[in-house]
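These notes are about the structure you will find just below.
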Amino acid sequence: MPLDSLSRSAPVVFKPCVTSTNTLLKGLASCGVPDGFVLAAAKQTSGRGRLGRGFESPEGGLYLSMLLYPRCPLERVQTLTPCVAVALCRALERACGVTPEIKWPNDLLINGKKLCGILVESSTVRGRLYVVIGMGLNINTAPADFPEELRDTAGSLFGELGRRFELENVAAAIIEELDAMYAAWQTDPACCLADYRRLCVSINRPVTLIRNGVSRAAFARDIDESYALVADVDGAEEHISMGEISLRNA
Ligand code: ATP
């Protein structure tokens with residue numbers, strides 16, 4: 001589906017190359033850009049991940065951010081990240097016939113490799129809360145286009161399935177699923193919980209939790225109603241929200 005056939009009021013801008021779709025949209029939030037505005041790119045020169053990490057963004061990938069002005073308490077914004085993960089799985093299923101797995105809290109995997117990273121950032125402009133939901137997806141990226149240090153852990157649709165996809169079609173499906181998810185999320189932040197639990201591969205297994213460089217062994221049991229990870233850590237049950245935590249399989 002071409003991007004211009006989407007039925008939505010907010011514009012979608014697709015650029016060949018930008019610094020970072022999230023950074024640019026955050027700048028545009030103060031310029032009166034409308035709710036739902038999308039900036040997508042075929043390449044980023046300064047892609048960003050969580051916790052100050054970089055996101056490699058070579059040509060072949062799809063880098064897309066959406067600006068939202070939710071009317072909700074700031075704490076609720078955390079629940080958008082897992083909902084974006086579910087919306088992306090739905091979009092990739094529809095547009096590419098593939099169902100990725102979700103690694104808690106914010107990565108999509110294909111064959112155990114990282115297919116997509118999600119970065120949700122929020123702030124206020126003139127007292128109004130805004131949120132930028134950003135994602136980088138390795139669609140037609142050739143394995144050789146990943147830097148050496150990511151070749152074992154990063155995966156693309158092309159690398160895993162041997163097929164290429166039209167970026168515009170994938171972007172259109174993603175935008176439709178994000179719009180539908182956001183409409184549902186505004187009335188019920190737990191709208192994606194059942195799908196998140198079904199797609200999440202981080203539960204019922206030993207894991208390592210990493211916070212500020214300190215690793216702790218844990219057993220991940222469940223995802224609670226606010227999408228926090230329920231884990232046994234040092235003999236006690238903890239509900240771990242995504243904040244500053246990274247997770248690895250033990
Ligand atoms: P992690 O992936 O380590 O669990 P995270 O989910 O917090 O952490 P993100 O913010 O989603 O990480 O992405 C940043 C990390 O993803 C980088 O530190 C790097 O390890 C990895 N990475 C960077 N670029 C890509 C890419 N194009 N594809 C897959 N993985 C990438």
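In listed order, ligands and their atoms are each counted from 1.
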Hey, which residues fall under 4.0 Å of ligand 1 on heavy atoms?
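The 4.0 Å shell around ligand 1 contains Gly49, Arg50, Arg53, Gly54, Phe55, Glu56, Lys103, Asn106, Asp107, Lys114, Gly117, Asn138, Phe146, Leu150, Ala154, Arg248.
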
Do Arg163's NZ or CZ and the ring of Phe158 fall within the cation-pi criteria of under 6.0 Å and 45°?
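The answer is no; the distance or angle limit is not met.
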
If a pair satisfies ring pair (Phe, Tyr, Trp, His ring centres under 6.0 Å) and one of its residues is in residues 16-46, list it, with sequence neighbours excluded.
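Every pair satisfying ring pair (Phe, Tyr, Trp, His ring centres under 6.0 Å) with a residue in residues 16-46: there are none.
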
Going by the ring pair (Phe, Tyr, Trp, His ring centres under 6.0 Å) test, which pairs reach into residues 199-239, not counting sequence neighbours?
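Qualifying pairs: Tyr196-Tyr227.
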
Neighbour count above 12 (heavy atom, 6.0 Å) for Asp188 CG:
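Yes, the 6.0 Å shell around CG holds more than 12 heavy atoms from other groups.
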
Within 6.0 Å of CZ in Arg211, more than 12 heavy atoms from elsewhere
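Result for CZ/Arg211: open.
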
Can you list the other members of the hydrophobic cluster that holds Tyr63, where links are side-chain heavy atoms under 4.5 angstrom apart?
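In the cluster with Tyr63 are Phe55.
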
